[in-house]
Trainee: 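Take a look at the following structure, please.
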Amino acid sequence: QVQLVESGGGLVQAGEALRLSCVASGGTFSDYGMGWFRQAAGKERESVATINWSGGTTGYADSVKGRFTVSRDDVKSTVYLQMDNLKPEDTAVYYCATTLRTWASRSANDYVSWGQGTQVTVSS
């Protein structure tokens with residue numbers, strides 16, 4: 001079983017940046033597609049960004065395109081989410097997850113292992 005641990009969340013002002021990290025253990029990270037999701041209070045969990053096993057294919061929600069960047073470091077078994085120009089509507093708990101396959105998906109149902117989440121709060 002793969003364990004995922006997110007970090008890097010916090011409280012920032014609108015326009016500032018944060019970088020989230022998600023460290024994987026217990027599996028072959030370099031073989032796995034990864035996704036970042038978020039869930040705001042009272043709302044459903046939504047896909048934010050995806051990256052396939054090689055890093056050659058990424059995807060973003062329309063709401064974060066041009067502001068967020070997903071990347072991976074297979075040596076460190078870590079996937080990152082660089083979040084620039086943050087907005088109050090980005091406030092949510094952010095989760096990383098893996099499909100345990102080479103591909104990534106926008107659907108939460110395709111993900112097998114999840115981290116515990118990290119809170120991101122953006123003040124206006």
Side-chain angles (χ1 to χ4, degrees):
Q1 187 73 7
V2 175
Q3 290 80 43
L4 302 172
V5 178
E6 303 97 334
S7 62
L11 172 63
V12 297
Q13 293 187 337
E16 295 184 340
L18 280 174
R19 188 177 79 158
L20 305 184
S21 299
C22 171
V23 179
S25 61
T28 308
F29 177 80
S30 59
D31 289 347
Y32 302 150
M34 303 294 296
W36 283 100
F37 291 77
R38 66 185 181 188
Q39 187 166 19
K43 295 187 177 181
E44 293 187 354
R45 189 169 298 189
E46 63 173 351
S47 173
V48 175
T50 60
I51 185 167
N52 74 336
W53 69 280
S54 68
T57 301
T58 58
Y60 299 93
D62 288 343
S63 59
V64 307
K65 280 181 181 177
R67 299 189 298 121
F68 289 14
T69 304
V70 62
S71 62
R72 63 189 298 151
D73 183 338
D74 289 346
V75 174
K76 296 181 178 180
S77 295
T78 301
V79 61
Y80 302 100
L81 186 66
Q82 177 67 42
M83 305 186 294
D84 297 324
N85 189 24
L86 283 161
K87 303 177 179 181
E89 51 263 43
D90 295 319
T91 295
V93 178
Y94 283 71
Y95 300 88
C96 71
T98 179
T99 59
L100 293 184
R101 304 292 181 91
T102 59
W103 45 266
S105 165
R106 298 289 304 275
S107 172
N109 292 333
D110 290 328
Y111 288 80
V112 177
S113 294
W114 292 79
Q116 83 289 348
T118 186
Q119 176 71 47
V120 172
T121 303
V122 185
S123 63
S124 57

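Predicted model, so just to flag it, every value in this text is computed and none were measured.
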Trainee: Return the minimal non-hydrogen interatomic distance between V93 and G117, and the atom names on each side.
Mentor: CG1-CA, 3.8 Å

Trainee: Say you draw a straight line from CG of D84 to CD of E16; how long is it, rounded to the nearest 0.5 Å?
Mentor: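 Spacing of CG (D84) from CD (E16) equals 11.5 Å.
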
Trainee: Quick one, L100 with Y32, criterion side chain to side chain contact (heavy atoms under 4.5 Å, CB included). Give me CA distance, side-chain angles, the key distance, then yes/no.
Mentor: CA-CA 5 Å; L100 293 184; Y32 302 150; 3.6 Å; yes

Trainee: Between R72 and S30, what is the shortest heavy-atom contact and its length?
Mentor: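 That closest heavy-atom pairing would be NH2-CA, 4.0 Å.
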
Trainee: Hey, is CZ on R106 packed in by over 12 heavy atoms from elsewhere, all under 6.0 Å?
Mentor: yes

Trainee: Return the minimal non-hydrogen interatomic distance between S124 and P88, and the atom names on each side.
Mentor: CB-CG, 3.8 Å

Trainee: For a side chain to side chain contact (heavy atoms under 4.5 Å, CB included) with T91, tell me which candidate from V122, L86, L11 qualifies.
Mentor: V122

Trainee: If you take the centroid of each ring, where Trp contributes its six-membered ring, are F37 and W114 closer together than 6.0 Å?
Mentor: yes

Trainee: Counting only N and O atoms by type, is there a donor-acceptor contact under 3.5 Å from the side chain of N52 to the main-chain atoms of T57?
Mentor: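 At least one qualifying donor-acceptor pair exists.
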
Trainee: In terms of hydrophobic clusters joined by side-chain contacts under 4.5 Å, are M83 and W36 together?
Mentor: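 Cluster IDs for M83 and W36 match.
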
Trainee: What pair of heavy atoms forms the shortest contact from S77 to F29, and how long is it?
Mentor: CA-CD2, 3.5 Å

Trainee: Are side-chain N/O atoms of S71 and Q82 paired as donor and acceptor at under 3.5 Å?
Mentor: no

Trainee: Could you give the distance from CD (Q3) to SG (C22), rounded to the nearest 0.5 Å?
Mentor: 11.5 Å

Trainee: After noting the C-alpha distance and the side-chain angles of E6 and Y94, does the key distance pass the side chain to side chain contact (heavy atoms under 4.5 Å, CB included) rule?
Mentor: CA-CA 8 Å; E6 303 97 334; Y94 283 71; over 6 Å; no

Trainee: Output the distance between atom OG1 (T69) and atom CG (L81), rounded to the nearest 0.5 Å.
Mentor: 8.0 Å

Trainee: Applying salt bridge (Lys or Arg N to Asp or Glu O under 4.0 Å), can you list everything that pairs with R45, at least two apart in sequence or on another chain?
Mentor: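 Expected list: none.
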
Trainee: Determine the minimum heavy-atom distance between A97 and L4, stating which atoms define it.
Mentor: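 Here A97 and L4 meet closest at CA-CD1, 3.6 Å.
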
Trainee: Tell me whether I51 shares a hydrophobic cluster with V112, the cluster being built from Ile, Leu, Val, Met, Phe, Trp, Tyr side chains joined at under 4.5 Å.
Mentor: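 Same hydrophobic cluster.
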
Trainee: Can you tell me how far the CG atom of N109 sits from the OG1 atom of T99, to the nearest 0.5 Å?
Mentor: 13.0 Å

Trainee: Return the CZ to CG distance between F68 and L18, rounded to the nearest 0.5 Å.
Mentor: 9.0 Å

Trainee: Could you walk me through whether V70 and V79 satisfy the side chain to side chain contact (heavy atoms under 4.5 Å, CB included) test, starting with their C-alpha distance in whole Å, then the side-chain angles of each, then the deciding distance to 0.1 Å, before giving a yes or no?
Mentor: CA-CA 7 Å; V70 62; V79 61; 3.9 Å; yes

Trainee: Looking at D90 and R38, what are the two nearest heavy atoms and their distance?
Mentor: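 Reported closest heavy-atom pair: OD1-NH1, 2.9 Å.
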
Trainee: Following the transitive rule for hydrophobic clusters with a side-chain heavy-atom cut-off under 4.5 Å over Ile, Leu, Val, Met, Phe, Trp and Tyr, establish whether L20 and V2 coincide in one cluster.
Mentor: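 Same hydrophobic cluster.
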
Trainee: Look up atom CD in Q39 and atom CD in E46, then write down how far apart they are to the nearest 0.5 Å.
Mentor: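 Atom-to-atom, Q39:CD and E46:CD are 9.5 Å apart.
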
Trainee: Determine yes or no for a side-chain-to-main-chain donor-acceptor pair under 3.5 angstrom, with Y111 supplying the side chain and C96 the backbone.
Mentor: no

